[in-house]
Amino acid sequence: MHPVLIRFGPFTIHTYGFLIAIGFLIGLWLAVKQAQKENIPVNKILDLSFYLLLAAIVGSRLFFILINAGHYINHPLDVIKIWEGGLVFYGGVLLAVPVAVWYVKRNVLHMWHTADIFAPSIAIAHVFGRLGCLAAGCCFGKAAEALPWGIIFTDPECLAPTNVLLHPSQLYESAGELLIFLTLIMLRNRKSFKGRLFMSYLILYAVLRFIVEFFRGDVGRGFIMDNLSVSQGISILTFLIGIAGFVILRGKSRKF
C-alpha cells in the first residue's frame, strides 16, 4: 500500500514502524491518564509500559520467525527486518504476560487492577498496528472477486501480492479492535470487579481474531490443521482463559 513513509537518501522511515510507534504513544497516554485518576504511581506505569513494549516486540518477532523458520534459516539477516512487518500479536502476548507478572509483583501493584488500566490501551495500540500492516502489506487477505471494498496493492516494496484484488483483512481487524476499545471504555465506568476489562478484552479479541483469520491469505503464518491456523488455535485457548478468568474473578469479588 505505502510501505515507506519518508525516504531521504539513506534515511528511511517505514510506515509500519511509524504507526506502531503512534499506537504505543496513544496507548501509553491513555494508561497514564487512567493511572492518575486511580492514584497509581505514573512512574510505575511508564516503566511497565517500556518493559511490555520490549517484550511484545521480541516475543511477536520470535513467534513469527519460529513459524517461518525455513525462510530465516536461508535468510538469517531478515531476522532483524521488523520494519517490513512480521510480528505476531499472540507471540508478543506470550512474552509480555510473564514480564508483566514479574514487574507487578516486584513493585507491589494489584495484578488485575493494573491489567484493567492497560486493556483499552492494548486495543487502541493494535488499531494502529494493523494499519501499519496494511501499509506494509503484511497480514494480507485472500483474493476476492468483485469485492466492493477490496484493495489492490501496487507498490513493489509491499509484502502483499501486487495487482490482485484482496480482502482488506488488516482493516477488518483494525476496525474490530476499535470497536473493542470503545466497548472497554464504556465498560470501564461500570466495572464491577477488578480484572473485568482485561478478561473482556481477551474474550472479544479472541473472537475477532478467530473470524479475521478466515479472510487471511498469508499461508506462511502457520496452520495446526487444514482450515485452522495457529492463531485460531491460540484464539480458542485465549477465549477459554478469558471466560474462566471472568467467572473466577467475578466469583471472588462477590465473596467480599
Side-chain angles (χ1 to χ4, degrees), residues 27 51-69 85-105 111-112 114-127 129-130 133 138-139 141-142 169-170 172-181 183-184 187 193-253:
Y51 287 121
L52 289 177
L53 176 63
L54 289 180
I57 291 175
V58 172
S60 57
R61 186 59 174 173
L62 288 176
F63 197 86
F64 183 82
I65 292 170
L66 180 63
I67 293 174
N68 299 278
L87 301 177
V88 179
F89 177 75
Y90 279 132
V93 172
L94 289 174
L95 186 57
V97 167
V99 169
V101 171
W102 163 78
Y103 184 89
V104 166
K105 288 186 175 181
M111 178 74 69
W112 301 117
T114 305
D116 281 345
I117 287 176
F118 276 96
S121 296
I122 296 171
I124 196 63
H126 209 170
V127 170
R130 282 307 180 200
C133 291
C138 61
C139 308
K142 291 180 178 179
S169 55
Q170 307 95 330
Y172 294 163
E173 190 164 341
S174 184
E177 283 282 12
L178 181 59
L179 289 176
I180 291 175
F181 168 73
T183 300
L184 295 179
L187 287 176
F193 59 91
K194 290 182 174 63
R196 182 184 181 186
L197 289 188
F198 185 73
M199 292 305 167
S200 295
Y201 176 76
L202 291 183
I203 294 168
L204 293 172
Y205 180 71
V207 172
L208 171 66
R209 183 60 180 270
F210 188 88
I211 294 172
V212 170
E213 283 288 307
F214 286 115
F215 298 96
R216 292 274 292 267
D218 51 331
V219 294
R221 67 191 185 279
F223 285 82
I224 298 173
M225 60 181 69
D226 289 344
N227 299 319
L228 184 69
S229 69
V230 172
S231 290
Q232 284 179 313
I234 298 176
S235 292
I236 293 172
L237 180 60
T238 301
F239 179 82
L240 295 176
I241 291 173
I243 291 292
F246 193 97
V247 172
I248 292 171
L249 292 176
R250 183 176 63 178
K252 285 183 177 181
S253 70

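Numbering of residues begins at 1 and proceeds along the displayed sequence.
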Which heavy-atom pair separates Ser174 from Val127 by the least distance, and what is that distance? OG-O, 2.9 Å

Does the side chain of Lys194 come within less than 4.5 Å of Leu249's, by heavy atoms? no

Heavy-atom closest contact (Gly27 atom, Ile124 atom, distance): CA-CG2, 4.0 Å

Would you call Ser229 and Ile224 a side-chain contact if the rule is heavy atoms closer than 4.5 Å? no

Do Tyr172 and Glu177 meet the criterion of a side-chain donor-acceptor pair at a distance under 3.5 Å? no

Of Ser231, Ser235, Ser169, the residue whose pairing with Glu213 passes side chain to side chain contact (heavy atoms under 4.5 Å, CB included): Ser231

Run Phe223 and Val230 through side chain to side chain contact (heavy atoms under 4.5 Å, CB included) and show every step you take. CA-CA 5 Å; Phe223 285 82; Val230 172; 5.7 Å; no

Measuring from atom CD1 of Ile203 to atom OH of Tyr201, what distance do you get when rounded to the nearest 0.5 angstrom? 12.5 Å

Search all heavy atoms of Cys138 against all heavy atoms of Gln170 and return the closest pair with its distance. O-NE2, 3.0 Å

For Leu202 and Gly242, work out which heavy atoms get closest and say how close. CB-CA, 4.2 Å

Parallel, tilted or perpendicular: rings of Tyr51 and Tyr103 (30°, 60°): tilted

Could you tell me the separation between the CG atom of Leu197 and the OG1 atom of Thr183, rounded to the nearest 0.5 Å? 11.0 Å

is_close_aromatic(His126, Tyr205), centroid dist under 6.0 Å: yes

Tell me if the centroids of the rings in Phe193 and Phe246 come within less than 6.0 Å of each other. yes

Does any non-hydrogen side-chain atom of Glu173 lie less than 4.5 Å from one of Arg209? yes

Who pairs with Arg196 by salt bridge (charged side-chain N to carboxylate O under 4.0 Å, His left out), at least two apart in sequence or on another chain? none

